[in-house]
Amino acid sequence: MGEMEQLRQEAEELKKQIADARKACADTTLSQVTSSMEVVGRIQMRTRRTLRGHLAKIYAMHWSTDSRYCCSHQKPVRLFEWDCERGRELGVLPLQVLFQGVCFWDPPKSKQVCSSSCAKPSVVFRRRVRISFVRCNDATSCLLGYLSCCRFLDDNQIVTSSGDTTCVLWDIETGTQKCVFVGHTGDCMSLAVAPDFRLFISGACDATAKLWDIREGMCRQTFIGHESDINAICFFPNGNAICTGSDDATCRLFDLRADQELVAYSHESIICGITSVAFSKSGRLLLAGYDDFNCNTWDSMKGERVGVLSGHDNRVSCLGVTSDGMAIATGSWDSFLKIWN
Amino acid sequence: MTINTFNQGNTCKIQMPCLAKMERMIVAMQDPDMGIKMRNQRLLITVIPHATTGHDVVEWLIQKLSITEEEALHLGNLIVKFGYIYPLREPRNLVLRADESPYRLQTPYFWTTNKWPATELDYAIYLAKKNIRKQGDLDDYEKDSYDQLNKRINHTWDFVLMQAREQLRAAKQRRKADRLVLECQEQVYWLVNRPPPGTLNILEHGPERRNSQNTRIKLIQKNNEWYKNEIELCKKAMGRTRVKSSICLEGFVKRTEQFAPHDPIMAGCLPSNPWITDDTMYWSMSANFVTTPTKLCVERWAFGFQELINDPLGRKEFKHFLEREFSGENIFFWEACEDLKYGEQSKIEEKVQALYHHFLAPGALRWVNIDSKTMEKTLEGIRSPHRYVMDDAQMHIYMLMKKDSYPRFLKSDMYKNLLAKAVVPQETKKSVFPFMRRQRHSSPSPALALSAGEEDGQADDKDKPTSSGTVSQV
């Protein structure tokens, strides 16, 4: 028992040192640096399209890279693809899924959509009209928990985050796990891939966010600061910072180079947790979807709220900004997808 | 801050830190000095003590949290939906009205954090009481629940009925006002915990989550091994170089300012935002196959090498430039490496061979100039080809282009010509046909609004109170 106690103390001591080193680097606050910036003013966005068709709660959505199509996932068991511009469905797929994550990948050849089932991700290919499934079929490479989020890295690899506290890199063709990223002590709720595809970040129910190196398979950095489960995570457009949204009703911006939290976006009147976050194209606006049925727009540089997107009748479960920055889509438990700008 | 409750062996958990915050707000509302002034409210002929009006609640929220009326109303509505404040006049309709409608604060006994999850037994007793009082006239869904419960917990049904009768008898002995209040409180509690079908279930949360605070099963074994691992990670973390936050923040400021004109939400977009005007000209002008790129596009290429090379048009122009300088093989090599990295698994070997043949082999047609160390490492790696075998070589060539060719490209006549020739799209005029149905919610492009008159804009802002709502009805 004595040895373990010693080790524990040593670990605590080191953690304190790290906290001190971080504090030493924090030589200024956001308000000082951005005091000379222009105020953004009130951002009023309106609904441009409402996509109806889902019959149940929408849990996840993702824009395609050409910014005109998106796919969304409802529980139970349907995957929708939308032609957002015309406001109608392209296709509906019934799937054997229990919980979800959904994302698009459209290399020049085909549109691929990934949806995740309770224990294994399923990748759906859509070449012209035929739709075929690829299931990860290795029984031993099953996960022990639900899949919360998934993202494509390239034609053949997916990264998923799971409720069994691990993130996994899968090989689509063989259906096996290539690498398991272990380190979180709570369910992993979301992940985001860096713009250069070498790193990814994950947010978990242990209130920490971790930066992982995909090639090396290890955790590079851990960010603490939240007081409750982290539900949503995303990269700042230039890849130097990450933003997390949590059940403690705050969004925080962590800088990767300074290795610490730089800004917290919160207000006394906002008490519900955040389900999803996204940046606008320049990174000036941070959009966050909340459990209180609204989506708030924050000025990421000044740390103030500059707008509200209200119109859903149930919690906003997912949010996405198009890659050209033209519009925002929000999906909610009231089964509607709304496109705003 | 997650709230734990255990229920007869099942580890149930509610994932709502917002409830604790709401409760703090409720407690603050009851503060004798700074809280809401409670009065007697009249409900038909009965006088209910310690009640307040919807208007007072909204006012108090506005003052305490310095928010607008709309936000206060939204927050107030949320509190009512969770059952912390309930309406006296229409207890079924959990909505906050900012007028003289009477409301009352829920007793802590019925707070969600104190009494969660609602037990079947309690629900059975409640329904039994209601059944007796209304002589069988329950709502449909309540009747169904009653029957189901009867089947499920039949063994304690005598107890249920006895409890129900006992509680009704005790209630009869109270004053009318108290009885009314107790009934309301209980009704609201059950509306929140057993919502009628088709209405919002506010307590619904996603799949159950576990974290190391609440599971009986330990997710991680904290033993010597684990601590040693932690110490290793911490030591590594200590050694990391950290950049000062001032530099990082300046970086962000610079980035947002640089990209501000390119952000369609903030700066509008020309010719027009397709989502607003249904005119897809923006997309056709920015597509990959146009001959003249837009001015914004060309400007973006100067922001950084990554921007140039990631944009298909930019890459094309850069290719032309490099070919003129007789260093075109660099960009072709880079493109081939990207194709290797993100392409199909089955083609990797043949791609690696092709790469070697075209770019690396001595005497190759498009031989790229890599330093000997990297070349050795790459040739070694080619023996067992995989997706990332060309990484070092690709990085070398990338840096070469970035540090050498890219700055020259930006200074070149070619780029300057492109900038001069670049198109600034005209703002499309909105058609004025009266029967144009799709014209809903169109707001003038901010680009137009800015140029039309800054003074006007500022004057307007001063007059109007800040409103946060957005129209969404379609």
Side-chain angles (χ1 to χ4, degrees), chain A residues 3-4 7-8 10-11 14-15 17-18 25-28 30 33-34 37 42 44-48 50 99 146 154-156 165 173 185-187 205-206 227-228 238 247-248 255 257-259 262 268-269 271-273 280-285 292 301 308-311 314 325-327 339 341, chain B residues 1-2 15 17-18 21-22 65 67 71 75 78 200 207 209-212 219-220 223-224 227-228 230-231 234-235 237-238 240 242-246 248-253 255-256 259-260 262-266 269 273 275-276 341-345 388 441 443 466 468-472 474:
Chain A
E3 199 199 337
M4 190 157 102
L7 288 173
R8 197 183 64 80
E10 200 183 330
L14 279 169
K15 284 199 184 134
Q17 284 181 4
I18 294 176
C25 275
D27 57 347
T28 180
L30 182 78
V33 173
T34 59
M37 273 184 108
R42 203 79 203 174
Q44 275 195 320
M45 291 199 240
R46 298 182 207 276
T47 311
R48 305 293 170 189
T50 302
F99 192 49
Y146 58 84
D154 53 52
D155 247 7
N156 198 45
T165 78
E173 265 173 63
T185 54
D187 301 8
C205 288
D206 57 6
E227 295 158 357
S228 183
N238 66 4
D247 267 346
D248 64 4
D255 187 289
R257 297 173 302 175
D259 191 35
L262 290 182
E268 240 192 324
S269 65
I271 53 178
C272 279
S280 71
K281 178 137 177 161
S282 63
R284 184 69 194 265
L285 298 176
D292 64 1
M301 290 294 108
V308 181
L309 276 65
S310 57
N314 206 330
M326 301 286 273
I339 316 257
N341 65 10
Chain B
M1 249 192 341
T2 43
Q15 285 275 350
C18 60
K21 293 183 191 152
M22 256 185 250
L65 304 169
I67 49 181
E71 289 161 19
L75 181 60
L78 199 66
L200 178 70
R209 302 180 190 177
R210 311 169 299 162
N211 59 37
S212 47
L219 287 174
I220 35 140
N223 53 13
N224 289 9
Y227 278 118
K228 282 194 187 131
E230 279 283 291
I231 292 172
C234 286
K235 283 197 179 131
M238 265 313 289
R240 164 169 307 126
R242 288 181 181 83
V243 178
K244 285 203 184 298
S245 59
S246 53
C248 299
L249 286 168
E250 299 270 322
F252 295 132
V253 171
R255 153 106 202 180
T256 52
F259 273 83
H262 300 262
D263 189 340
I265 295 173
M266 296 192 32
C269 102
N273 194 318
W275 297 101
I276 303 177
K341 267 204 299 206
Y342 299 119
E344 282 177 34
Q345 182 78 13
Y388 303 116
H441 310 305
S443 48
T466 47
S468 59
T470 57
V471 180
S472 63
V474 173

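Letters go in sequence order (proteins before strands), and every chain restarts at 1. Note that these values count all heavy atoms, side chains included, but never hydrogens, waters or copies made by symmetry.
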So which atom in A:Ser282 and which in B:Arg255 form the shortest heavy-atom distance, rounded to 0.1 Å? O-NE, 3.7 Å

Please look at A:Met326 and chain B and tell me whether the side chain, the backbone, both or neither of the residue comes under 4.5 angstrom of a heavy atom of that chain. both

Heavy-atom closest contact (A:Cys272 atom, B:Cys18 atom, distance): CA-CB, 4.0 Å

Which residue out of A:Leu285, A:Thr34, A:Leu262, A:Asp292 racks up the most heavy-atom pairs below 4.5 Å with chain B? A:Asp292

Find the distance between CG (A:Leu14) and CE (B:Met238) and round it off to the nearest 0.5 Å. 7.5 Å

Per side-chain contact (heavy atoms from CB on, under 4.5 Å), B:Cys234 is matched among A:Gln17, A:Lys15, A:Glu10 by A:Lys15

Mind listing the closest non-hydrogen atom pair of A:Met301 and B:Phe252 along with its distance? CE-CB, 3.5 Å

Checking the side chain of B:Lys21 only, and the main-chain atoms of A:Asp248 only, is there a donor and an acceptor separated by less than 3.5 Å? yes

Heavy-atom contact with chain B under 4.5 Å, split by part of A:Leu30: both

Got a second to check how far B:Lys244's NZ is from A:Asp27's CG, nearest 0.5 Å? 5.0 Å

Counting heavy-atom pairs under 4.5 Å with chain A, the top scorer among B:Arg240, B:Lys235, B:His262, B:Lys341 is B:Arg240

Bottom line for B:Glu230: the part with an atom under 4.5 Å from chain A's heavy atoms is side chain

So which residue, A:Ala26, A:Gly283, A:Ala258, A:Ala11, ends up with the most heavy-atom pairs under 4.5 Å with chain B? A:Ala258

Can you tell me how far the CD1 atom of B:Ile67 sits from the OG atom of A:Ser269, to the nearest 0.5 Å? 4.5 Å

Side chain to side chain contact (heavy atoms under 4.5 Å, CB included) against A:Thr28, all qualifying residues, sequence neighbours excluded: A:Gln32, A:Val33, B:Ser245, B:Ser246, B:Leu249

Which region of B:Ile231, side chain (C-beta onward) or backbone (N, CA, C, O), has a non-hydrogen atom less than 4.5 Å from a non-hydrogen atom of chain A, or is it both or neither? both

Side chain, backbone, both or neither of A:Ile18 within contact of chain B (heavy atoms, under 4.5 Å): both

Could you pull out the closest heavy-atom pair between A:Ser280 and B:Asp263, with the gap in Å? OG-OD2, 2.7 Å

